[in-house]
Novice: 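Supplied in structure tokens, the structure appears directly below.
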Amino acid sequence: MDKRTDRVQPIRLSSDFFPLDIHKSMFINDLTITIPSYYARMWGNDILKNHNSSNRLWEVDIKYESPKELGRQIFVFKAKLYLSFIKKRNQESSYRLKWDNAFAIQLAKDYPKSFVRSLEFHIGDEHYKELKFTEFDIGGFKEQVQVKIVWENGIPIVTVKEFFRVRDESQGFPKVFKELSSYLIADYLLSSEEEMLRRIQITSWKPRSEIGNELNENNIYILLNRESKEVYFGETKVSLSKRYPLSQKHHSFDEWTEFCVIQLPPETSDHTRLLIERILIATGSKLFINNLYEGGPVLDIDISLKLRNRKK
């Protein structure tokens, strides 16, 4: 500790690492980073010349070290390093590292201020585009990790650790940032089994225009047209913002105007989620007007909804 300035001396960039600004794509949607071209060139021609259309994808383990302030714990996460053959880009500029939600969750827990800033930029996309803001115009800081990728016997070895992190006492609202990151991206993973059952979350009805803000994955959802009294039950592994982009028409019920999301625990399997959807459709078919089963609805036709699902 530097007693004169009340600052911890900065962590230095380790040998063979490159610095990486923590940005939205590391948490939301893409979960991908681009390897700097200068860094890829450092691997040398003996490595690069062996990469081609038949040797362009590698399953890797990310060895991740949490920030110093959080104990420098070691975790291992699954990821993929791949070479994308993009037009007008040379080979060195086309390497990508992609991971799954597990690593995104860990980063959100360890760098909560960056995560909340990324979420703000994502939700306020149109507003910030009008202002011509970049992501890093929000919040006035850039947290960074440092990344190393070395090749051993044709296999990439990936290490990620802290380079710069805003200290808890300097974040302004560290408890709020921590709770927001936990709630928004890792709520169920941080809960006991009993708490998971108590905390299954159902959103309020929201207008179709807000679907781009829905980031949670592994959901049961309900689509509704209140005026025409029509309803649709569905399930999705991805977020609703991916499942139904505003520019895309719904395959069987494009007239929907509102939606509601039932957020399932992340460990819910694809089979279980599909089973829940079919139970809801079967239940709805016994209550509402529909084209799935013969026989009238239980509810009076004047007050009943119409089920728009086409498949059981």
Side-chain angles (χ1 to χ4, degrees), residues 27-29 101 105 119-120 122-126 179-191 195-293 297-312:
F27 302 111
I28 302 168
N29 294 342
N101 276 358
I105 288 169
L119 194 63
E120 168 67 22
H122 177 77
I123 293 174
D125 179 66
E126 293 185 6
E179 289 304 314
L180 275 176
S181 65
S182 297
Y183 175 78
L184 293 170
I185 201 171
D187 185 39
Y188 292 101
L189 293 184
L190 301 178
S191 305
E195 288 173 326
M196 289 178 191
L197 293 175
R198 290 198 302 268
R199 295 168 67 185
I200 290 178
Q201 298 173 28
I202 304 176
T203 70
S204 59
W205 289 106
K206 299 179 181 180
R208 185 171 183 165
S209 59
E210 293 185 9
I211 201 165
N213 299 336
E214 288 298 318
L215 305 180
N216 285 288
E217 300 183 341
N218 212 9
N219 298 317
I220 298 294
Y221 60 89
I222 308 172
L223 305 180
L224 176 70
N225 186 315
R226 200 178 297 262
E227 184 175 349
S228 63
K229 297 182 180 179
E230 295 175 299
V231 67
Y232 180 95
F233 297 110
E235 59 84 23
T236 178
K237 183 176 182 178
V238 300
S239 66
L240 273 189
S241 59
K242 283 186 178 180
R243 181 70 177 84
Y244 293 119
L246 285 174
S247 59
Q248 177 179 310
K249 289 187 176 182
H250 189 280
H251 59 281
S252 62
F253 182 33
D254 194 49
E255 301 82 12
W256 68 276
T257 57
E258 299 175 64
F259 68 96
C260 173
V261 177
I262 303 172
Q263 298 167 9
L264 302 176
E267 71 277 5
T268 303
S269 68
D270 293 348
H271 178 270
T272 300
R273 189 181 61 253
L274 184 59
L275 177 62
I276 295 171
E277 179 204 36
R278 289 181 175 176
I279 290 172
L280 286 174
I281 294 172
T283 302
S285 69
K286 294 297 182 182
L287 297 175
F288 310 138
I289 302 168
N290 66 91
N291 296 319
L292 296 176
Y293 297 98
V298 170
L299 300 176
D300 185 274
I301 194 169
D302 293 328
I303 62 173
S304 177
L305 295 171
K306 180 178 181 180
L307 184 66
R308 287 293 300 268
N309 291 81
R310 294 179 179 178
K311 296 182 180 180
K312 302 177 183 179

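Predicted model, so just to flag it, every value in this text is computed and none were measured. Hydrogens, waters and symmetry mates play no part in the numbers below; they use all other heavy atoms, side chains included.
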Novice: Specify whether Y221 and Y244 have parallel, tilted or perpendicular ring planes, treating 30° as the upper limit for parallel and 60° as the lower limit for perpendicular.
Specialist: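 Answer is perpendicular, since the angle exceeds 60°.
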Novice: How far apart are the closest heavy atoms of L274 and E235, and which atoms are they?
Specialist: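 Looking at all heavy atoms of both residues, the closest pair is CD1-OE2, 4.0 Å.
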Novice: Name all residues meeting the side chain to side chain contact (heavy atoms under 4.5 Å, CB included) criterion together with R208; count only those two or more places apart in sequence or in a different chain, and write none if there are none.
Specialist: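 Residues passing side chain to side chain contact (heavy atoms under 4.5 Å, CB included) with R208: L246, D254, W256.
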Novice: If every non-hydrogen atom of E255 is compared with every non-hydrogen atom of N225, which pair is closest and at what distance?
Specialist: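 So the minimum-distance heavy-atom pair works out to O-ND2, 2.7 Å.
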Novice: Could you give the distance from CG (L223) to CZ (F233), rounded to the nearest 0.5 Å?
Specialist: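 Rounded to the nearest 0.5 Å, the CG-CZ separation comes out at 10.0 Å.
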Novice: List for me each residue that meets side chain to side chain contact (heavy atoms under 4.5 Å, CB included) alongside K237, sequence neighbours excluded, and say none if there are none.
Specialist: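 Result, side chain to side chain contact (heavy atoms under 4.5 Å, CB included) vs K237: D270, R273.
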Novice: Any side-chain to backbone donor/acceptor pair from N219 onto V261? Under 3.5 Å, distance only.
Specialist: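 The answer is no, because no donor-acceptor pair under 3.5 Å joins these two groups.
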Novice: Could you tell me the separation between the CG atom of L305 and the CG atom of L287, rounded to the nearest 0.5 Å?
Specialist: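 That separation rounds to 9.5 Å.
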Novice: Rounded to the nearest 0.5 Å, what separation is found between the CD atom of E217 and the CG atom of L240?
Specialist: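 Between E217 CD and L240 CG, I get 10.5 Å after rounding to 0.5 Å.
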Novice: Run the side chain to side chain contact (heavy atoms under 4.5 Å, CB included) test against L275 and tell me which residues pass, sequence neighbours left out.
Specialist: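 Once residues adjacent in sequence are excluded, the partners of L275 under the side chain to side chain contact (heavy atoms under 4.5 Å, CB included) criterion are I279.
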Novice: Is the side chain of N290 donor-acceptor paired with the backbone N or O of F288 at a distance under 3.5 Å, no angle test?
Specialist: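 Flag set: sc N290 to bb F288 pair under 3.5 Å.
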Novice: Nearest 0.5 Å please: distance from the CG atom of L280 over to the CG atom of L307.
Specialist: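 With rounding to 0.5 Å, CG (L280) is 10.0 Å from CG (L307).
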Novice: Search all heavy atoms of R243 against all heavy atoms of T236 and return the closest pair with its distance.
Specialist: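 Distance-wise, the nearest heavy atoms are CD-OG1, 3.7 Å.
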Novice: List for me each residue that meets side-chain hydrogen bond (donor to acceptor under 3.5 Å, both in side chains) alongside S239, sequence neighbours excluded, and say none if there are none.
Specialist: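 Once residues adjacent in sequence are excluded, the partners of S239 under the side-chain hydrogen bond (donor to acceptor under 3.5 Å, both in side chains) criterion are S241.
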Novice: Testing the basics here: between C260 and T203, what is the closest heavy-atom pair and its distance to 0.1 Å?
Specialist: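 Answer, listing the atom of C260 first, then T203: SG-O, 3.2 Å.
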Novice: Output the distance between atom OH (Y232) and atom CD1 (I281), rounded to the nearest 0.5 Å.
Specialist: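 Y232 OH to I281 CD1: 6.5 Å, rounded to 0.5 Å.
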Novice: Can you name the salt bridge (charged side-chain N to carboxylate O under 4.0 Å, His left out) partners of E277, sequence neighbours left out?
Specialist: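 Once residues adjacent in sequence are excluded, E277 has no partner under the salt bridge (charged side-chain N to carboxylate O under 4.0 Å, His left out) criterion.
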Novice: Once ring-ring contact (aromatic ring centres under 6.0 Å, His included) is applied, do any residues pair with F259, and if so which ones, sequence neighbours excluded?
Specialist: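 F259 satisfies ring-ring contact (aromatic ring centres under 6.0 Å, His included) with no residue once adjacent residues are dropped.
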Novice: Please name all residues satisfying side-chain hydrogen bond (donor to acceptor under 3.5 Å, both in side chains) with R310, sequence neighbours left out, ordered by chain then number.
Specialist: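 Per chain and number, R310 pairs via side-chain hydrogen bond (donor to acceptor under 3.5 Å, both in side chains) with no residue.
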Novice: Evaluate the side-chain contact (heavy atoms from CB on, under 4.5 Å) criterion for residues I276 and L264: first the C-alpha distance (whole Å), next the side-chain angles of each, then the deciding distance (0.1 Å), finally the verdict.
Specialist: CA-CA 10 Å; I276 295 171; L264 302 176; 4.3 Å; yes
Novice: Mind checking what makes side-chain hydrogen bond (donor to acceptor under 3.5 Å, both in side chains) contact with E230, not counting sequence neighbours?
Specialist: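 With sequence neighbours excluded, E230 shows a side-chain hydrogen bond (donor to acceptor under 3.5 Å, both in side chains) to S228, R308, given in chain and number order.
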Novice: Is there side-chain contact between F253 and V231, with at least one heavy-atom pair below 4.5 Å?
Specialist: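 No. Closest side-chain heavy atoms not under 4.5 Å.
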Novice: Closest heavy-atom contact between T257 and R226?
Specialist: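 Scanning both residues completely, I find the closest heavy atoms to be OG1-N, 4.1 Å.
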Novice: Going by side-chain hydrogen bond (donor to acceptor under 3.5 Å, both in side chains), name the residues that satisfy it together with N213, two or more places apart in sequence or in a different chain.
Specialist: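 Partners of N213 under the side-chain hydrogen bond (donor to acceptor under 3.5 Å, both in side chains) test: none.
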